[in-house]
Amino acid sequence: MYRELQQQLTEAVRKILKTSWEIEIGELVMEQPPELSMGEFALPVAFELARKVRKAPRLIATELVEKLRAELPPETGFAAFEAAGAGYINVRIERARLARTLALETPSRHKAGGPHILVEHTSINPNKAAHVGHLRNAILGDTLVRILRATGHRVGVQNYIDNTGVQVADVVVGFLHLEGKSPQEIDALIESCEALGVQAREERFDYICWRLYARVSQWYEEGTEEQQRLRKSLRYETLHAIEMGEVETALVADRISTAVLRLHLLTMQRLGITYDFLPRESEILHLKFWDRAFALLKESGVLYYETSGKNTGCWVMTRPGGGSATEEPDEDAKVIVRSNGTVTYVGKDIAYHLWKFGLLGADFGYRKFFEYPDHTCWISSMTGESEHPNFGGAGAIYNVIDARQSDPQANVVQALREMGHAESADHYTHFSYEMVALTPRCAAELGYHVGEEDRSRAYIEVSGRKGFGVKADDLLDKLTAATLKETDARQPERSGAERTKIAEQIAIGALRYFMLKFTRSSVIAFDFKDALSFEGETGPYVQYAAVRARNIFRKSGISPEQALDAFSTMDLVQALQSADDLWAIWLRAARRDPMLEATIQSAEPATLARYCFQLAQEFNNFYHKHHILTEENEARRTLLLATAAVALRELTTLLQWMGIEVPEAM
RNA sequence: GGGCGAGUAGCUCAAUUGGAUAGAGCAACGGCCUUCUAAGCCGUAGGUUACAGGUUCGAUCCCUGUCUCGCCUACCA
C-alpha cells in the first residue's frame with residue numbers, strides 16, 4: 001500500500017504539472033521529511049520548477065498544494081499537503097489505514113521464479129584455516145543470497161575451490177619435503193585429526209596447515225641461494241604435478257585440500273552459511289573447459305598472439321579501456337596464455353564464467369559431497385552421478401570477491417563482452433568489498449611483532465604467508481565464551497544446553513552484524529574490543545530488542561498475531577495520528593520492502609543492517625516510554641500490543657535476512 | 001608513472017545517491033532499576049565534511065587542481 005500511495009502521488013503531480021504548466025518531468029524525486037511530524041513524503045519538485053515557471057519555489061509549492069488537495073481528496077488515503085521550508089511539499093497520509101494493511105500483511109508476499117541467479121562466495125584457498133577476511137566474504141555473500149531469495153529469486157550458491165593452485169602446492173611441499181612425510185603419513189595425520197574432532201582447535205588439520213604454510217613460505221626465503229633455487233623449483237614442480245593430476249603428488253594435494261575444505265564448510269556452518277555447489281579448479285582443468293574457452297576466444301578475436309615486445313609468444317587480450325591504434329605492441333595487454341603454453345588464472349576464470357552463463361558448451365560431472373539438514377551440497381568431479389541439479393546457465397551472477405581482484409574481474413567481463421555476450425556481461429556483478437585488516441594493537445595482542453613503521457598505521461593487512469591473522473573459529477570461540485559468561489550470569493535458571501545455545505546465537509549475531517554494518521568500500525580495521533562489543537550498534541542490541549518484544553507476549557496472554565488481528569478491527573485513527581513514537585515503528589514496517597530493493601539495487605547490505613538497528617532503537621524507545629501490560633485502557637493496550645507485535649515481526653524478518661536468530665532469552 | 005578506493009566529532013563509521021538543523025555507536029561527563037529484562041533509556045559536550053577554486057535555488061555528494069593514506073598495476077594465483 002505504501003508503494004501505491006507513492007505511485008498515486010507521483011501520478012497526481014505529473015498530471016498537475018502537465019495541465020497547469022504543460023511541463024513533463026523525468027524522474028520525480030520523492031524523499032522523506034527530516035522529522036516524522038512533518039509527514040511521510042517530501043517533494044522538492046518546486047525547486048526544480050522555479051526556473052521554468054519563473055516564480056519563487058515557495059509560491060509554486062503553495063500552488064501545487066492547492067491542486068494536490070483537489071486531486072487527492074481524503075478518501076484516497078492522503079491526509080494533508082503543505083508547503084514547508086523554502087519550497088518543499090510535505091505530504092501526510094492517513095496513518096491508521098496504512099497500519100491496518102500492515103497488520104494484516106502475510107509473510108510470503110513475493111512469488112517464486114524470475115531469472116536464475118548465481119552467487120559465488122567464500123572461495124577460500126583450501127590450504128589453511130579460514131580467517132576474519134574470509135568471514136567478511138562469506139557473511140556478505142550469504143546475506144546477499146538471503147535477500148535475493150527474499151525477493152523471490154531462484155539463487156544457487158557456489159563456493160569456488162582453487163584446489164590446484166600454488167597455495168595448495170606450498171602446503172604439499174611443506175608436508176612432503178620440509179617435514180619429509182610420506183603420503184601414507186599425511187593420510188594418517190588427516191585421519192587422526194578427524195578422529196580428534198573439530199573441538200581440538202590447535203590439532204585441527206586446517207590449523208596445522210595454517211602453521212605449516214607460514215613455515216614453508218619462510219623456508220623458501222631462507223638458506224643459501226642454491227637452496228632457495230632448489231626449493232623454488234620444488235615448488236613449481238609440485239604445482240605442475242598437481243595441475244597434471246593422477247600422479248601421487250596430485251593425489252596427496254587432493255586429500256589435503258579436501259580435508260581442509262570439509263573443515264571450512266563446518267566453520268561456515270557454525271554461522272548458518274551453506275552452499276549448493278563446489279566447482280573445483282581441478283575439473284576446470286581436466287574437463288578441458290579451458291581448451292573450449294581458448295577456441296572461442298581465438299575465434300572471436302578477443303585473444304591475439306603477440307609477436308613483439310615483452311609479451312612475445314603469449315596469447316594476450318587488451319585490457320578494458322586499453323589498446324591503441326598504433327603499430328606498437330600493447331605492453332599493457334593482459335597475458336592469458338604464457339609463452340610456455342600454460343594458462344593464467346584469468347584464462348581459467350573466463351572459461352569458468354562462460355560455464356556460469358551456459359555459454360561454454362561443456363558441463364561438470366557432479367557428485368554429492370556434504371549433507372546439510374535441509375539440502376545437499378554437490379561438488380564437481382570428472383565422472384558424476386547421472387541425476388543431479390543444474391548449477392550453471394545463470395541469467396545473472398554475483399561474485400563476492402575482495403576489491404583487490406577488481407582488475408582480473410574486469411578482464412573477465414571484458415572478455416565476455418568482446419565475445420559478443422553483452423547480455424551476460426551486463427548481468428555480471430563483481431560484488432566487491434575491502435579487506436579486513438588488523439589494528440596494530442590487535443596484532444600486538446596476538447603476539448605478532450609489530451614494526452616501528454606499522455605501529456603508526458591505522459591497520460595492518462593480514463597475511464596467510466606469514467601466518468598473520470585471526471582465525472575464524474578462534475574468533476567465534478572468543479565471542480561464544482564472552483556471551484556465555486554473560487548468559488550464565490543472566491539466565492541461571494536455564495539449563496547448560498539452553499545457555500550454550502543462546503550464547504552461540506548471540507555470538508553469531510554479534511559477528512554477522514559486525515561484518516555487515518560497514519559499507520563495502522570501508523576497510524575493516526579489526527579489533528577484539530569492537531568485535532566483542534555487545535552494546536550500541538551491534539547484533540546483540542537488535543536481538544535484545546526482539547527478545548524484549550517477545551517477553552511482552554509471553555506474559556500478556558495473547559499472541560502477536562492475535563494482537564494484530566484485534567488491532568485491525570478497531571478504530572484507532574486518532575491514537576496513531578498523534579503518536580509519532582508508535583508510528584515510527586509502523587512506518588518502518590511500511591518502508592521495509594522499498595529498503596530491501598534499494599539494498600539489492602546498490603548491493604549494499606550495510607543499508608539493511610542500519611535499517612534494522614534503527615528499528616531496534618525505535619522499539620527500545622517505545623518500550624521504555626510505554627508500559628504495555630499495565631495499560632488499563634483496553635483500546636490503548638491493543639494499540640500498544642499491536643505495535644510491539646509489528647516490531648517483533650519486522651525485527652525477526654530483518655534479522656533473518658542477515659542470518660541472525662532471535663534467542664529464547666537474553 | 002597509470003587505474004581504483006578512501007579522507008566527515010577524540011576513536012570507529014553513516015548520510016535516502018544533489019535537499020530542510022551533517023547523524024549513530026564507542027569513549028567522556030551527568031542522570032534513570034519496587035516496572036513487560038539496565039546487553040536498556042534520557043541528557044551534556046564534541047564539526048571550517050583534508051585543502052583551494054568552480055557548477056546552482058542548494059554541494060559531504062558533481063567538475064578542476066593540490067595534499068595524505070590504502071589497494072591494484074608480474075609470462076604469481
Side-chain angles (χ1 to χ4, degrees), chain A residues 29-35 38 42 44 46-48 50-51 56-57 84-88 90 125 162 164-169 239 281 310-314 316 319-322 332 334-340 342 344-346 348-349 402-408 410 432 434-435 437 439 457-459 461 483 486-487 490-491 506 510 517-519 521-525 527 529-530 533-538 540-541 543-545 547-556 591 594-595 598 602 606-607 610-611 613-614 617 620-621 623-631 640 644 665-666:
Chain A
V29 180
M30 192 174 303
E31 294 164 0
Q32 298 167 17
E35 309 256 346
M38 295 176 178
F47 295 110
E48 209 176 323
R51 171 170 290 186
Y88 284 94
N90 287 342
N125 270 304
D162 183 3
T164 56
V166 72
Q167 293 212 22
V168 169
L239 177 60
E281 190 173 65
K310 66 165 183 156
N311 294 332
T312 304
C314 298
V316 302
R319 284 177 197 271
D332 192 42
K334 180 75 195 168
V335 172
I336 302 298
V337 181
R338 303 183 189 99
S339 54
N340 67 4
T342 57
T344 62
Y345 175 77
V346 171
K348 285 179 261 190
D349 221 22
D402 77 79
R404 285 170 292 195
Q405 300 220 43
S406 53
D407 232 52
S432 135
E434 277 293 347
M435 63 185 169
T439 61
R457 289 176 195 270
Y459 53 81
E461 191 174 354
T483 50
E486 279 294 312
T487 308
R490 288 160 188 262
Q491 309 291 333
I506 298 169
K517 76 175 179 181
F518 301 93
T519 52
S521 61
S522 172
V523 175
I524 298 181
D527 198 309
K529 181 178 136 294
D530 300 329
S533 157
F534 309 129
E535 290 166 16
E537 196 191 344
T538 66
Y541 175 94
Q543 289 173 309
Y544 187 62
V547 166
R548 283 174 136 186
R550 213 160 49 188
N551 282 345
I552 295 169
F553 291 99
R554 216 193 295 279
K555 297 195 181 174
S556 71
R591 287 176 176 158
M595 178 280 301
S602 58
T607 310
R610 217 165 185 86
Y611 196 84
F613 172 64
Q614 283 164 350
Q617 270 187 319
N620 272 331
N621 209 314
Y623 180 91
H624 181 257
K625 197 164 162 190
H626 305 281
H627 198 263
I628 299 164
L629 297 182
T630 54
E631 175 59 51
L640 294 175
M666 279 180 80

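Just so it is clear: chains get the letters A, B, ... in the order the sequence lines come, proteins before strands, and each one is counted from 1. The analysis underlying the following values was restricted to heavy atoms, covering all of them including side chains, and did not include hydrogens, waters or symmetry mates.
Using a 4.0 Å heavy-atom cutoff across all strands shown, A:K310 reaches at least one base atom of the nucleic acid. In this structure, A:T164 reaches neither bases nor backbone, as no heavy-atom distance under 4.0 Å exists between it and the strands shown. Counting any heavy atom pair closer than 4.0 Å across all strands shown, A:S602 reaches a base atom. At a threshold of 4.0 angstrom between heavy atoms, the contacts of A:N551 include nucleobase atoms, whether or not backbone atoms are also involved. A:E631 comes within 4.0 angstrom of nothing in the nucleic acid, heavy atoms only. Among the heavy atoms of the strands lying under 4.0 Å from A:S522 are primed sugar atoms or P, OP1, OP2 only; no base atom is included. Among the heavy atoms of the strands, none lies under 4.0 Å from A:A549. Nucleic acid contact class of A:E48 (heavy atoms, under 4.0 Å, all strands): none. Heavy atoms of A:P594 sit nowhere under 4.0 angstrom from any nucleic acid atom. Residue A:N621 is in sugar-phosphate contact alone, with no base atom involved, counting any heavy-atom pair closer than 4.0 Å across all strands shown. Within 4.0 Å of A:T439, counting heavy atoms only, lies no atom of the nucleic acid at all. Residue A:Y345 is classed as a base contact, given a heavy-atom separation below 4.0 Å to a base. Note on A:P34: a base of the nucleic acid sits closer than 4.0 angstrom, heavy atoms only. Heavy atoms of A:A606 sit nowhere under 4.0 angstrom from any nucleic acid atom.
Here the nucleotide nearest the side chain of A:Q617, chosen from B:rU35, B:rC71, B:rA24, is B:rA24. For A:M666, taking side-chain heavy atoms from C-beta onward, the closest of the listed nucleotides B:rU37, B:rC71, B:rC41 is B:rU37. Picking from B:rA77, B:rG5, B:rC36 the nucleotide with the shortest atom distance to the side chain of A:S521 gives B:rG5. The side chain of A:E537 lies closest to B:rG25, out of B:rA20, B:rA77, B:rG25. Between B:rA39, B:rA77, B:rC36, one nucleotide has an atom nearer to the side chain of A:R338 than all others, and that is B:rA77. Counting only heavy atoms from C-beta on, A:I506 has its side chain closest to B:rA39 among B:rC75, B:rC36, B:rA39. Nearest to the side-chain atoms of A:R548 among the listed nucleotides B:rC75, B:rC57, B:rA38 stands B:rA38. In the set B:rA77, B:rC42, B:rC36, the nucleotide with an atom closest to the side chain of A:D162 is B:rA77. Nearest nucleotide to the A:M435 side chain, out of B:rU73, B:rA39, B:rC71: B:rC71. Comparing B:rC57, B:rA77, B:rC75 by their nearest atom to the side chain of A:F47 picks out B:rC57.
The nearest whole Å value for the distance from the CD atom in A:Q405 to the P atom in B:rC71 is 15 Å. As rounded to whole Å, 10 Å separates atom C1' of B:rU12 from atom CG of A:D527. Counting to the nearest Å, the C1' atom of B:rU17 and the CE atom of A:M30 are 17 Å from each other. The CZ atom of A:F518 sits 15 Å away from the P atom of B:rG25 (whole-angstrom rounding). Atom CZ of A:F613 is separated from atom C1' of B:rA15 by 15 Å (rounded to the nearest Å). A:R404 places its CZ atom 14 Å from the P atom of B:rG70, with the value rounded to the nearest Å. Between the P atom of B:rC72 and the CZ atom of A:R319 lies a distance of 14 Å, rounded to the nearest Å. For the pair A:E434 CD and B:rG5 P, the interatomic distance rounds to 11 Å; values are reported in whole Å.
Residues A:T538 and A:S533 approach most closely at CG2-O, 3.5 Å, considering heavy atoms. Minimum heavy-atom separation, A:F534 to A:P540: CD2-CG, 3.7 Å. When all heavy atoms are compared, the tightest approach of A:E537 to A:K517 is O-NZ, 3.1 Å. Between A:A458 and A:A525, the closest heavy-atom pair is O-CB, 4.1 Å. Residues A:A50 and A:P57 come closest through the heavy atom pair CB-CG, 4.0 Å.
The side-chain contact (heavy atoms from CB on, under 4.5 Å) search around A:E486 returns A:R490, not counting sequence neighbours.
For B:rC33, the base adopts the syn conformation, since its glycosidic angle falls within 90 degrees of zero. Here B:rU35 is in the anti range [glycosidic angle more than 90° from 0].
Atom CD1 of A:I336 is separated from atom NZ of A:K348 by 11.5 Å, given to the nearest 0.5 angstrom.
Put simply, the side chain of A:R490 and the base of B:rA39 share a donor and an acceptor less than 3.5 Å apart. For B:rA20, the base has a donor-acceptor partner in the side chain of A:N90 [N/O atoms by modelled type, under 3.5 angstrom]. Between the side chain of A:S406 and the base of B:rC72, no donor-acceptor pair under 3.5 Å is found.
Side chains of A:T164 and A:E281: a donor on one and an acceptor on the other come within 3.5 Å. Side-chain contact of A:N551 with A:R554: a donor-acceptor pair under 3.5 Å is present, judged by distance alone.
Look at A:R51 and you'll find a side-chain N or O under 4.0 angstrom from OP1 or OP2 of B:rC57. Between A:K555 and B:rU37, a side-chain N or O to OP1/OP2 separation shorter than 4.0 Å is present.
Each of A:K348 and A:G85 was matched to the nucleotide of RNA chain B holding its nearest heavy atom; the match closer to the 5' end belongs to A:G85. Positionally, the nearest nucleotide of RNA chain B for A:Q32 lies more toward the 5' end than for the other of A:Q32 and A:T342.
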* **Intermediate values then yes/no, ring-ring contact (aromatic ring centres under 6.0 Å, His included), A:Y541 and A:F613** => CA-CA 8 Å; A:Y541 175 94; A:F613 172 64; 5.1 Å; yes
* Step by step, would you call A:K334 with A:D407 a salt bridge (Lys or Arg N to Asp or Glu O under 4.0 Å)? -> CA-CA 10 Å; A:K334 180 75 195 168; A:D407 232 52; over 6 Å; no
* Step-by-step salt bridge (Lys or Arg N to Asp or Glu O under 4.0 Å) determination, A:D527 to A:K529 -> CA-CA 5 Å; A:D527 198 309; A:K529 181 178 136 294; over 6 Å; no
* Asked: How would RNA chain B look in dot-bracket form, 5' to 3', counting Watson-Crick and G-U wobble pairs with both distances under 3.5 Å and writing | for bases paired to another strand?
  -> (((((((..((((.....[...)))).(((((.......))))).....(((((..]....))))))))))))....
Using nucleotides 27-31 of chain B, report all nitrogen or oxygen pairs with the protein that are shorter than 3.5 Å.
none

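Residue ring and base: A:Y623 counts as stacked with B:rC36 (centre distance below 5.5 Å, interplanar angle below 30°).
When atom types are taken as modelled, the side chain of A:D162 and the backbone of A:G165 share a donor-acceptor pair closer than 3.5 angstrom. Put simply, the side chain of A:T342 never gets that close to the backbone of A:V337: no donor and acceptor are under 3.5 Å apart.
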